[in-house]
Amino acid sequence: MKDLKNLLKTAVDKIKSTVEKEDIPLKDAFAEMDRELEEAEAAYGKPLFPDDGEKISVDEHYMKLLGFKSEDNVSFEEIKAHYETLVKKFAPENFADDEKKKAAAEKRIGMIKQAYQYFENKHATQQEEE
């Protein structure tokens with residue numbers, strides 16, 4: 001949830017600074033606002049403002065963050081293997097020459113780790129119950 005709050009705050013701050021510029025036409029300010037919201041949604045991995053009737057479970061949310069479809073039936077071992085692949089792929093050092101991409105990778109890694117920890121805890125709880 002903290003990642004979502006940070007994404008929204010960053011997007012809102014960028015939107016406010018754009019709209020407050022007196023030399024930018026309102027049409028361009030709104031276009032910039034749309035781009036900032038799209039970027040925040042892309043980083044979050046789902047719409048920031050879902051339809052009123054849309055409900056998503058925690059499992060589905062974290063599955064999507066890890067790149068699985070909600071209908072995929074995957075084991076914890078598959079989640080772990082995919083997690084390790086994603087950590088290597090989005091390692092911030094892979095983007096050392098581009099600060100913007102590096103910052104985006106750091107945000108993505110944080111969300112990936114949060115999703116993995118959720119499934120790791122869930123798996124541990126299931127193991128204890130057996």
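This chain uses plain numbering: 1 for the first residue, then up along the sequence. Note that the coordinates shown come from a computational prediction; the quantities given were computed from them, not determined experimentally.
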Trainee: E106 and F90: side chain to side chain contact (heavy atoms under 4.5 Å, CB included), yes or no, with the steps?
Mentor: CA-CA 8 Å; E106 288 171 347; F90 291 105; over 6 Å; no
Trainee: Do H61 and Y118 have side-chain heavy atoms sitting under 4.5 Å apart?
Mentor: no
Trainee: Find the distance between NZ (K102) and CD (E93) and round it off to the nearest 0.5 Å.
Mentor: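 Going from NZ on K102 over to CD on E93, the span is 8.0 Å.
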Trainee: Specify whether F119 and Y62 have parallel, tilted or perpendicular ring planes, treating 30° as the upper limit for parallel and 60° as the lower limit for perpendicular.
Mentor: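 F119 vs Y62 ring planes: perpendicular.
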Trainee: Over all heavy atoms of both residues, which pair between I109 and A91 is shortest? Give the atoms and the distance, please.
Mentor: CD1-N, 4.3 Å
Trainee: Could you tell me if the side chain of M63 sits less than 4.5 Å from the side chain of V74, heavy atoms only?
Mentor: yes
Trainee: Indicate, with yes or no, if F95 and V87 share a hydrophobic cluster defined by side-chain heavy-atom contacts under 4.5 Å among Ile, Leu, Val, Met, Phe, Trp and Tyr.
Mentor: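 Different clusters.
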Trainee: Has the side chain of E78 got a donor or acceptor atom that lies under 3.5 Å from a matching backbone atom of S75?
Mentor: yes
Trainee: Once rounded to the nearest 0.5 Å, what's the spacing between atom NZ of K89 and atom CZ of R108?
Mentor: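 Spacing of NZ (K89) from CZ (R108) equals 8.0 Å.
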Trainee: Under the criterion side chain to side chain contact (heavy atoms under 4.5 Å, CB included), I'd like the reasoning laid out for K122 against D59: C-alpha separation, chi angles, the key distance, then a yes or no.
Mentor: CA-CA 10 Å; K122 186 175 179 177; D59 281 15; 2.3 Å; yes
Trainee: Heavy atoms, side chains only, cut-off 4.5 Å: are I112 and L65 in contact?
Mentor: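 No, their side chains stay 4.5 Å or more apart.
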Trainee: Within a strict 4.5 Å, meaning less than it, do heavy atoms of the F76 and Q126 side chains meet?
Mentor: no
Trainee: If you count heavy atoms of other groups shown closer than 6.0 angstrom to CG of N73, is the number above 12?
Mentor: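 Atom CG in N73 is not packed in, count stays at 12 or less.
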Trainee: Check P92 against A105 and note the closest heavy-atom contact, atom names and distance.
Mentor: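 Taking P92 first and A105 second, the nearest heavy atoms are CA-CB, 4.3 Å.
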Trainee: Looking at L66, is its backbone amide N or carbonyl O close enough to the side chain of H82 to form a donor-acceptor pair, meaning the two atoms are under 3.5 Å apart?
Mentor: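 Checked: pair present.
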